[in-house]
Amino acid sequence: MTHLTSTVVRLKLSLLRGGLRQSGGRRAAFVFSAVIAVLFALLQLLGLLALHGHAHAEAVAVPGTAVLALGWAVLPLFFPTGDETLDPTRLVMLPLRPRPLVRALLAASLVGIGPLFTLLVLAGCTLSLADGAAGYVVSVLAVALALLVCVALARAVATANVRLLTSRKGRDLAVLSGLVIAIGAQLVNFGARQLGSAGLGQLQPVADVLSWVPPASAVAAVHAASQGSYGVAAAQLAVTAVGLAALIAVWARTLTRLMTAPDASTLQPVDAGSRGRSAAGLGRLLPRGRTGTVMERSLRYIWRDPKTKAAWVTSLAIGLIVPVLNAVQGTGSIYFACFAAGMLGIQMYNQFGQDTSAFWMVAMTVSSPRDAYEELRGRALALLLITLPYAALVTVVTTALLGAWPRLPEVLGLSFALLGAMLATGAWTSARFPYSIPQEGHKNVVPGQAGLAWISIFGGMVSAALLCSPVLALTIWLHVSAGGEDWQWVLLPAGAAYGAGLTLGGLRLAAPRTAARLPEILAAVSKG
């Protein structure tokens, strides 16, 4: 077992050296990232040490450890290619038993920048709570246990999802990391504001709960030992040890199944006909003819294409988070609800670029402005199928949080007008300024077409805002005129009718240009 462990550790070091020998740029990137990570960890260490003796040091150290463990759990899902040893299927042909292999891989996982960063932060968390000989002795055990739990958690998650992570579709799902970052930034901003106004004491109830959840329980044991509660400290260390043993057991079981069972992706489905029948259910609910076909294709792209799905999920999440969080904080406005319609309306821009090189199959079916109009209409209706109820839902939720029910009709009318304006300008810019979206990686524009993307999106948004000016003017006039409040309900039907008219007009104007520029559109969107 010792021989296997040392061999796997040397293999990890060899992989690191081999990767650095590939190019000077890769070596420079590794050194730069290592220096930044260590400096950031040292700053965290110093900041945590400054909390030593503070009344709410536990409220920072214990949740901080839990957040660190959460990062270890989710990062392998978003960056599966960051460590070649995360894929144990490369060792499947070797005569290795699962449990010795688990111990060897666990030891190899302690080599790298991530474990060093975690070690420094965990040291800061424990030292900020340690007091007396017992506290410092327990802190050594706590750091070791917490680090092993973090590494084992990452390995268990990666092993359970390795079939997905090493596939092309799984790698494309890493694009969803942008969603996590966007949502996380909003939640961190909200949390920072709450802590800034109420103090660190707000985290104490969370710390009390997490003090019995591994690996945060190991850090909480340091505080208990420093306070003389040796029984509580022993129990919390035991909870962490049991959690580590459970993770290793799950990891070993998953590893055994992974290395002995066939890959399901290489097997034929048992009943391919049933899948086809279930897929036809969506088509039965949509209009007949080309419009329904285009709607079904667009909805399938949203559900199946990783980049399209990531864009939609991000827009849906941010469109809800921005107005709701501002309303909860008491700093929001009812008009922030229009943010949902704006975020979803952006999905109408660059419609043909979302098809990438597959657009040539669509182009073959467009031979007249009528065909182009039906194509654009189907795409717009598919978008409206999601955006209309969602924009209405966000508006109702924001109105309820702010208690501004009398303004619900006017905000709904403004949202519908904005959505119609963005559908109109999106259809026109899709034909006038198409650009290609790379199928691989995190970029949304191929090199050389960034200018087209800026003109298409931001130019279209400015145009949409100008198109909404009549509804905005009517809203302002009703607010300032005498007795205008009694007629604000008119803004709902007026905004909806105006938005529908803008959508139809935009589609009519964009259809002839789309039919005339099909070769140029095809060339532009196929560059990726």
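Model, not experiment: these values are computed from the prediction.
No more than 12 heavy-atom neighbours from other residues, nucleotides or ligands sit within 6.0 angstrom of CH2 on Trp487. With a 6.0 Å radius and a threshold of 12 heavy atoms from other residues, nucleotides or ligands, Trp405 has its CH2 atom above the threshold.
A salt bridge between Arg513 and Glu520 is absent, with no side-chain N of the basic residue lying under 4.0 Å from a carboxylate O of the acidic one.
With hydrogens and angles ignored, the 3.5 Å screen pairs a side-chain donor or acceptor of Ser430 with a backbone N or O of Gln351. Ser436 contributes a side-chain N or O that, together with a main-chain N or O of Val525, makes up a donor-acceptor pair within less than 3.5 Å. Panel note: side chain Asn350, backbone Tyr435; a donor-acceptor pair is recorded below 3.5 Å.
At a threshold of 4.5 Å between non-hydrogen side-chain atoms, the residues Arg407 and Tyr335 count as touching. Looking only at side-chain heavy atoms (C-beta outward), Pro406 and Gln488 stay at 4.5 Å or farther from each other. Counting heavy atoms from C-beta outward, Ser315 and Trp312 have side chains that stay 4.5 Å or more apart. Counting only heavy atoms from C-beta outward, the side chains of Leu418 and Met422 approach each other to under 4.5 Å. Side-chain contact check for Leu384 versus Leu419: some heavy-atom pair is nearer than 4.5 Å. Within the 4.5 Å cutoff, no side-chain heavy atoms of Val121 are placed close to those of Leu45. A heavy-atom distance below 4.5 Å is not found between the side chains of Asp371 and Thr365. The shortest side-chain heavy-atom distance between Leu388 and Phe416 falls under the 4.5 Å cut-off.
In this structure, the separation between OG on Ser298 and CG on Leu385 is 11.0 Å, given to the nearest 0.5 Å. Rounded to the nearest 0.5 angstrom, Met348 CE and Thr503 OG1 are separated by 8.5 Å. Residue Leu472 holds its CG atom at 10.0 Å from CG of Leu491, rounded to the nearest 0.5 Å. Note that OG1 of Thr387 is 12.5 Å distant from CD1 of Ile346, once rounded to the nearest 0.5 Å. Here the straight-line distance linking atom OG of Ser415 with atom OH of Tyr390 works out to 12.0 Å at 0.5 Å rounding. With rounding to the nearest 0.5 Å, the separation of NE2 in His54 from OG in Ser128 is 11.5 Å.
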Stepwise side chain to side chain contact (heavy atoms under 4.5 Å, CB included) test for Leu383 and Leu344: CA-CA 8 Å; Leu383 190 144; Leu344 297 178; 5.5 Å; no
Assess the residue pair Thr293 and Glu296 against the criterion (side chain to side chain contact (heavy atoms under 4.5 Å, CB included)); give the C-alpha distance rounded to whole Å, side-chain angles, the decisive distance to 0.1 Å, and a yes or no. CA-CA 5 Å; Thr293 302; Glu296 183 175 0; 5.9 Å; no
Decide side chain to side chain contact (heavy atoms under 4.5 Å, CB included) for Tyr498 and Leu502; before the verdict, give the C-alpha distance in whole Å, the side-chain angles of both, and the deciding distance to 0.1 Å. CA-CA 6 Å; Tyr498 185 73; Leu502 286 178; 3.3 Å; yes
What do the steps show when you test Gln236 against Trp212 for side chain to side chain contact (heavy atoms under 4.5 Å, CB included), and what is the final call? CA-CA 6 Å; Gln236 290 173 329; Trp212 294 98; 3.6 Å; yes
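Contact record, Gly426 with Thr429: O-OG1, 3.3 Å, taken as the closest heavy-atom pair. Considering every non-hydrogen atom in both Ala220 and Ser211, the closest pair reads CB-CB, 3.5 Å. Contact between Ala510 and Leu376 at its shortest, heavy atoms only, is CB-CD1, 3.8 Å. Smallest separation of non-hydrogen atoms from Thr240 and Pro214: CA-CB, 4.0 Å. Heavy-atom minimum distance, Thr399 versus Thr395: OG1-O, 2.6 Å. Of all heavy-atom pairs between Thr291 and Glu374, the closest is OG1-O, 4.4 Å.
Only one option out of Phe433, Trp360, Phe359 pairs with Phe352 in a ring pair (Phe, Tyr, Trp, His ring centres under 6.0 Å); it is Phe359.
Ring geometry, Phe117 versus Phe40: the interplanar angle falls under 30°, so the pair is classed parallel (tilted spans 30 to 60°).
No side-chain N or O of Ser368 forms a donor-acceptor pair with one of Tyr373 less than 3.5 Å apart.
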